[in-house]
Amino acid sequence: MKLLVRNLSRSTTEQDIRKLFSEHGKVTECTLVLDQETGHSKGFAFVEMPDQDQAKAAITSLNMTSLAKSKIRVKKAH
DNA sequence: GTTGAGCGT
């Protein structure tokens, strides 16, 4: 199950996402979308979780949780 | 140098 994480802080790395989602389940893939030129974060990332139950648990638990200065938003990807 | 709704090299 692919998850979309948006409204991330610019300084947030994929290790942060990985660690954050690992608290609620297995994370097989974590991809932070970076800018090709600057290499800075675009502010959103993708997370792959094998178990759908843990994925939904991670969504409901991590959605709208405060990260850095803003609240992150997690939902199922396309 | 920032922002902020999005569905990705």
Side-chain angles (χ1 to χ4, degrees):
Chain A
M1 188 177 189
K2 282 184 180 176
L3 271 50
L4 172 66
V5 189
R6 58 186 168 105
N7 201 273
L8 295 171
S9 179
R10 295 304 201 209
S11 58
T12 305
T13 65
E14 56 184 47
Q15 286 95 9
D16 296 324
I17 312 297
R18 183 80 181 241
K19 180 169 53 63
L20 193 65
F21 278 79
S22 298
E23 302 292 335
H24 297 273
K26 292 86 178 176
V27 177
T28 54
E29 188 65 29
C30 180
T31 306
L32 179 66
V33 182
L34 303 174
D35 189 280
Q36 187 67 26
E37 305 175 1
T38 63
H40 292 167
S41 173
K42 283 184 179 177
F44 69 100
F46 291 92
V47 175
E48 172 69 28
M49 297 187 68
D51 189 40
Q52 296 181 354
D53 296 328
Q54 294 179 344
K56 286 199 60 178
I59 294 177
T60 55
S61 299
L62 298 177
N63 187 26
M64 289 304 195
T65 56
S66 51
L67 182 79
K69 63 177 179 70
S70 303
K71 314 266 188 200
I72 66 175
R73 294 166 195 183
V74 186
K75 63 185 295 189
K76 188 180 80 62
H78 286 165

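In the text below, chain A, chain B and the rest are named by the order of the sequence lines, each starting its count at 1.
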Peer 1: Output every pair passing side-chain hydrogen bond (donor to acceptor under 3.5 Å, both in side chains) with a member in residues 39-56 of chain A, not counting sequence neighbours, ordered by first then second residue.
Peer 2: none
Peer 1: Which residues pass the side chain to side chain contact (heavy atoms under 4.5 Å, CB included) test with A/T60, not counting sequence neighbours?
Peer 2: none
Peer 1: Summarise how protein sits on nucleotides 4-9 of chain B as a single string, 5' to 3': B when a protein heavy atom is under 4.0 Å from the base, S for sugar-phosphate-only contact, - for no contact.
Peer 2: BSBBBB
Peer 1: Please list, chain by chain and in numerical order, all residues satisfying side chain to side chain contact (heavy atoms under 4.5 Å, CB included) with A/A58, sequence neighbours excluded.
Peer 2: A/F21, A/H24, A/M49, A/L62
Peer 1: Show every side-chain hydrogen bond (donor to acceptor under 3.5 Å, both in side chains) that has at least one partner inside residues 3-16 of chain A, sequence neighbours left out.
Peer 2: A/S9-A/S11, A/T13-A/Q15, A/T13-A/D16
Peer 1: Transitive ILVMFWY cluster of A/M64 at side-chain heavy atoms under 4.5 Å: who else is in it?
Peer 2: none
